[in-house]
Amino acid sequence: MASAYGATAGRAAERRRPSKFLAAGVRVVKWDSASDDAAPIQCHQLLADDEGFYLYYEGLGEIIEVHKIVDVRVGVLPTGKDARVHANVKAMDPGVPVEERAVCISLSSARQRLSAADFVDIHLILYSKEDARTLQKDIFYLVGDPLHGSPSVLTLLKKNYSYLMLSNAAKEEIAFRDLASVFCEGQDEKVLFTLEALKLKPKNGGSGVKKSDLTFAQFYAL
């Protein structure tokens with residue numbers, strides 16, 4: 001009788017993909033606008049890219065790299081003067097305390113010898129406590145992907161492609177210098193030659209490539 005291991009041993013491990021919740025996006029208020037009484041409240045859509053490499057605010061070009069997330073806490077508010085809460089934030093769901101809708105995403109910028117200075121906290125307010133808990137659970141699911149630490153070359157290329165697209169969300173073109181920086185130093189001529197072969201080379205002295213023209217297959221060819 002075949003063991004459970006035998007039935008799955010030959011099956012290639014698959015990377016975790018974002019939940020439907022993260023793929024569709026959730027409305028959030030960033031704390032930099034939620035804490036200032038003089039600033040208008042701005043709602044943003046927080047989503048995950050298709051591959052689960054990044055969280056990002058739709059249309060802003062601001063990116064949170066999933067593999068740098070070390071903790072996601074519900075009920076954590078900033079301390080000191082930054083802990084003021086705009087009346088309009090409370091009014092988003094007056095029946096639920098702001099603390100129950102507050103999410104703190106902690107990022108690490110260091111690989112070893114972590115200290116308090118190596119962490120950055122991103123504070124968000126959501127519209128319901130259910131959304132806050134779901135966001136926490138679904139981010140932890142992506143962070144816990146066992147394949148994060150051993151990505152394939154193809155996965156790394158997909159990650160770089162996603163980064164280029166998301167970081168240039170507000171632009172129609174990707175600057176050539178940003179495109180070339182993905183590859184090894186000194187590869188500018190090779191990248192330009194391949195762009196020309198793919199009929200993507202910047203025209204009329206332009207300095208960028210149209211995002212709508214640059215598919216992943218073409219990016220892979222570079």
Side-chain angles (χ1 to χ4, degrees), residues 13-36 41-86 89-90 92-93 95-151 155 158-159 162-163 165-167 169:
E14 295 183 0
R15 292 187 56 257
R16 295 182 180 181
R17 294 296 190 271
S19 65
K20 291 181 179 179
F21 178 83
L22 282 176
V26 58
R27 292 186 303 167
V28 302
V29 175
K30 297 168 65 180
W31 195 264
D32 54 7
S33 65
S35 61
D36 188 346
I41 296 301
Q42 296 184 4
C43 174
H44 301 287
Q45 197 82 348
L46 181 69
L47 309 95
D49 70 297
D50 292 343
E51 296 287 338
F53 298 128
Y54 304 102
L55 303 178
Y56 66 98
Y57 303 101
E58 188 173 34
L60 292 185
E62 295 182 30
I63 300 170
I64 300 171
E65 197 165 353
V66 168
H67 91 274
K68 290 185 177 180
I69 296 175
V70 294
D71 200 6
V72 184
R73 292 163 287 167
V74 174
V76 177
L77 296 173
T79 58
K81 66 178 182 179
D82 292 331
R84 294 176 300 161
V85 180
H86 195 296
V89 173
K90 295 180 180 179
M92 292 188 324
D93 191 347
V96 179
V98 173
E99 288 83 353
E100 294 186 26
R101 295 182 279 119
V103 174
C104 176
I105 302 174
S106 295
L107 308 176
S108 171
S109 58
R111 294 180 181 272
Q112 297 177 342
R113 296 183 180 180
L114 296 179
S115 67
D118 295 319
F119 292 92
V120 175
D121 287 338
I122 298 173
H123 290 276
L124 304 172
I125 303 294
L126 282 83
Y127 277 69
S128 72
K129 62 181 180 181
E130 291 79 16
D131 280 353
R133 290 294 179 185
T134 302
L135 180 64
Q136 179 191 44
K137 173 178 67 70
D138 289 0
I139 291 177
F140 273 140
Y141 174 76
L142 289 179
V143 171
D145 188 342
L147 296 183
H148 265 313
S150 55
T155 296
K158 287 181 177 180
K159 185 174 182 179
S162 292
Y163 179 83
M165 290 298 174
L166 294 175
S167 60

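We count residues from 1, following the sequence as given. All values below come from the heavy atoms of this structure, side chains included, with hydrogens, waters and symmetry mates left out.
Looking at His123 and Lys30, their side chains never come closer than 4.5 Å, going by heavy atoms from C-beta outward. You'll find the side chain of Pro146 reaches within 4.5 Å of the side chain of Arg16, heavy atoms only. Looking at heavy atoms from C-beta onward, Phe140 lies in side-chain contact with Asp71 at the 4.5 angstrom threshold. At least one side-chain heavy atom of Tyr57 sits under 4.5 Å from a side-chain heavy atom of Ile64. In this structure the side chain of Glu58 never reaches within 4.5 angstrom of the side chain of Leu46, judged on heavy atoms. Residues Val28 and Val26 meet the side-chain proximity criterion, which asks for heavy atoms closer than 4.5 Å.
Taking both residues in full, the closest heavy atoms of Val76 and Cys104 are given as CB-CB, 3.9 Å, listed atom of the first, atom of the second, then distance. Nearest approach of Val103 to Ala132, heavy atoms of both residues: CG2-CB, 3.8 Å.
With rounding to the nearest 0.5 Å, the separation of CG in Leu55 from CG in Leu142 is 7.0 Å. Distance check: Asp50 CG to Ser162 OG gives 7.5 Å after rounding to the nearest 0.5 Å. Rounding to the nearest 0.5 angstrom, the gap separating the OG1 atom in Thr134 from the CG atom in Leu22 is 9.5 Å. Between Leu107 atom CG and Ile122 atom CD1 the span is 4.5 Å, to the nearest 0.5 Å. Interatomic distance, CD1 of Ile63 versus NZ of Lys68, reported as 11.0 Å (0.5 Å rounding). In this structure, the separation between OG on Ser106 and CD1 on Ile69 is 9.5 Å, given to the nearest 0.5 Å.
By the 4.0 Å N-to-carboxylate-O rule, Asp121 lies close enough to Arg73 to be salt-bridged with it. Salt bridge annotation for Arg133-Glu100: absent, with no cationic side-chain nitrogen under 4.0 angstrom from a carboxylate oxygen.
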Between Val72 and Leu135, is a side chain to side chain contact (heavy atoms under 4.5 Å, CB included) present by the stated rule, with each step listed?
CA-CA 9 Å; Val72 184; Leu135 180 64; 5.7 Å; no
Candidate pair Tyr163 and Glu65, rule side chain to side chain contact (heavy atoms under 4.5 Å, CB included), full reasoning
CA-CA 9 Å; Tyr163 179 83; Glu65 197 165 353; over 6 Å; no
Should Val29 and His44 be marked as a side chain to side chain contact (heavy atoms under 4.5 Å, CB included) after you check the CA-CA gap, both sets of side-chain angles, and the distance that decides it?
CA-CA 6 Å; Val29 175; His44 301 287; over 6 Å; no
Check step by step if side chain to side chain contact (heavy atoms under 4.5 Å, CB included) holds for Arg27 and Gln45.
CA-CA 5 Å; Arg27 292 186 303 167; Gln45 197 82 348; 3.5 Å; yes
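For Thr155, the side chain to side chain contact (heavy atoms under 4.5 Å, CB included) partners are Arg15, Phe53, Pro151, Ser152, not counting sequence neighbours. For Asp138, the side chain to side chain donor-acceptor pair (under 3.5 Å) test picks out Ser19, with sequence neighbours left out.
In this structure, Arg17 contributes its side chain and Gly52 its backbone to no donor-acceptor pair below 3.5 Å. A distance-only check finds a donor-acceptor pair linking the side chain of Asp49 to the backbone of Tyr54 [under 3.5 Å].
No cation-pi contact links Arg101 to Tyr127, judged by a cut-off of 6.0 Å to the six-membered ring centre and 45° from its axis.
Within a 6.0 Å sphere centred on CZ of Phe21, other residues, nucleotides and ligands contribute more than 12 heavy atoms.
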